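In each ligand, atom 1 is the first atom listed, and ligand 1 is the first ligand listed. Keep in mind it's a predicted model, so treat the numbers as computed, not measured. All residue numbers refer to positions in the sequence shown, counting from 1.
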Amino acid sequence: MPKIVVVGSINMDLVVLTSRYPEIGETLTGEGFMTFAGGKGANQAVAASRLGSSVVMLGCVGNDAFGRELSARLLNEGVDTAWVDVIEEVETGVAAITVAGGDNAIVVIPGANHRLSEAHVQAAERVIRDADVVLSQLEVPMPTVLAAARMARKHGKPFILNPAPASALPDALYSSIDLLVPNETEATLLTGITVRDPASAEEAARSLLARGVRSVLITLGANGVAVIDDAGERHLPAHVVKAVDTTAAGDTFIGGLTAGLVEGMAMDEAVALGQRASALCVTRHGAQPSIPYRREIA
Ligand code: RIB
């Protein structure tokens, strides 16, 4: 089975449901509270696993109840957690998420995620050597992401980066990225070009290619995806669905896309798999509970 190594975050999501976002200084009575397994890295790992890939998670949790629960859940999803390190003196990452009107606002406290180090990547060299693709995001330290990209390059493995949450990237990282998958906000921050539609996305993608990235795919939410790769530039529209909670929609797309690529699908077919998974994800609440299985997509 093709193998994906995810170098990324593991969070417990603390979610409140409200009818609208509170104003600054306002106390609002909400409609519900839930905890869900989350974290961009873990969500992408679970999405790829539920779509049939073999996934190894490289990450960190604290020695606490959230960390134990999240590791157990990943294992239960078929994700290899042998490379999830338990850090003694720091708590597991959490995300405070407010969901209102189908949209969300998130504050992340990285905790143990920020202890995932270059040394962890070095220690996992043989896992990366045996992988088919390495996938990362920016909820773990930038030097760790850079080390993962370089290790992937050293062993001739494709490196996919989802630059989320939005942050500038070191120049040295660009040339080690085979596929960069930002959303509109992230692409705008990286390029200075305001990305709001397929035309501006293609302009931003071209400027990212000029920095040394091999392929770029910019997600545009309900407006679909702009792709630039060896086959040229194109826009692939999204499915029309009624969203109740967009949390992990991007993660589900990227997990699905990566699962499709390691199965040997062409880019547009892999994008279509990610889009179908993501469309189902937004019709349900929570991060990992909303990620679909392969049989649902069929
Ligand atoms: O992308 C969604 C994720 O972002 C949530 O699960 C939350 O943990 C934050 O990391």
Side-chain angles (χ1 to χ4, degrees), residues 6-17 33-50 55 57-62 64 66-67 69-71 73-74 77 79 84 90-100 102-116 135-142 144-145 160-167 181-187 189 217-221 225 243-258 274-275 277-292:
V6 177
V7 179
S9 58
I10 302 168
N11 292 335
M12 185 62 87
D13 291 353
L14 312 176
V15 179
V16 294
L17 303 178
F33 172 76
M34 290 166 284
T35 57
F36 295 119
K40 294 183 192 302
N43 294 345
Q44 293 176 24
V46 167
S49 179
R50 287 187 184 172
V55 184
M57 182 84 210
L58 199 60
C60 289
V61 293
D64 51 29
F66 283 168
E69 183 179 340
L70 292 168
S71 293
R73 284 182 186 218
L74 277 174
E77 291 290 343
V79 175
V84 173
V90 67
E91 73 288 352
T92 297
V94 292
I97 304 183
T98 304
V99 175
D103 236 318
N104 66 55
I106 304 181
V107 177
V108 174
I109 308 297
N113 293 306
H114 272 193
R115 297 297 184 93
L116 187 69
L135 170 63
S136 195
Q137 316 76 27
L138 301 181
E139 284 187 332
V140 295
M142 194 67 82
T144 308
V145 175
I160 301 177
L161 180 66
N162 169 219
S167 170
V181 192
N183 66 13
E184 303 105 311
T185 314
E186 293 141 12
L189 182 133
L217 207 156
I218 300 182
T219 59
L220 301 165
V225 176
V244 300
D245 180 357
T246 57
T247 309
D251 297 333
T252 302
F253 170 75
I254 290 162
L257 166 79
T258 307
Q275 285 181 310
S278 177
L280 276 171
C281 161
V282 300
T283 64
R284 323 198 265 228
H285 279 291
Q288 287 168 33
S290 69
I291 297 170

Report task. Could you point out which residue of Leu138, Val108, Asp251 forms a side-chain contact (heavy atoms from CB on, under 4.5 Å) with Lys40? Result -> Asp251
Query raised in the report: Counting N and O atoms only, with roles assigned by atom type, does the side chain of Arg115 sit under 3.5 Å from a partner on the main chain of Cys60, one being a donor and the other an acceptor?
Result: no
Query raised in the report: With atoms numbered from 1 as shown, which atoms in ligand 1 lie under 4.0 angstrom from a non-hydrogen atom of Ala95?
Result: 7 (C), 8 (O)
Query raised in the report: Of the protein's non-hydrogen atoms, which lies at the shortest distance from atom 2 (C) of ligand 1, and what is that distance?
Result: Asp251 OD2, 3.3 Å
Requested in this report: Using a strict 4.0 Å cut-off to heavy atoms of Ala287, name the atoms of ligand 1 that fall inside it.
Outcome: 6 (O)
Report task. Would you mind checking which non-hydrogen protein atom is closest to atom 3 (C) of ligand 1, with the distance to 0.1 Å? Result -> Asn43 ND2, 3.7 Å
Query raised in the report: Looking only at N/O atoms, are Thr247 and ligand 1 under 3.5 Å apart anywhere?
Result: no
Query raised in the report: To the nearest 0.1 Å, how far is atom 5 (C) of ligand 1 from its closest protein heavy atom, and which atom is that?
Result: Asp13 OD2, 3.3 Å
**Report entry** Test: Glu69 and Arg73 ion pair at under 4.0 Å
**Finding:** yes
Query raised in the report: Is there a side-chain contact between His285 and Leu17 (heavy atoms, below 4.5 Å)?
Result: yes
**Report entry** Distance, nearest 0.5 Å, that separates CD1 of Ile97 from CG of Asn104
**Finding:** 6.5 Å
Requested in this report: Would you check if Val7 and Val145 make a side-chain contact, meaning some heavy-atom pair closer than 4.5 Å?
Outcome: no
**Report entry** Donor-acceptor under 3.5 Å (Asn183 side chain, Ile218 main chain)
**Finding:** no
Query raised in the report: Between Val181 and Phe253, is any pair of side-chain heavy atoms under 4.5 Å apart?
Result: yes
Query raised in the report: Does an N or O from Ser9, backbone or side chain, lie closer than 3.5 Å to an N or O of ligand 1?
Result: no
Report task. For Gly38, counting its heavy atoms only, list the atoms of ligand 1 lying under 4.0 Å from any of them. Result -> 6 (O), 8 (O)
Query raised in the report: Which residue holds the protein heavy atom closest to atom 4 (O) of ligand 1, what is that atom called, and what is the gap in Å?
Result: Lys40 NZ, 3.2 Å
Report task. Flag Gly39 as yes when one of its N or O atoms lies below 3.5 Å from any N or O atom of ligand 1, and as no otherwise. Result -> yes
Query - For atom 9 (C) of ligand 1, closest protein heavy-atom neighbour - result: Glu139 OE2, 3.4 Å
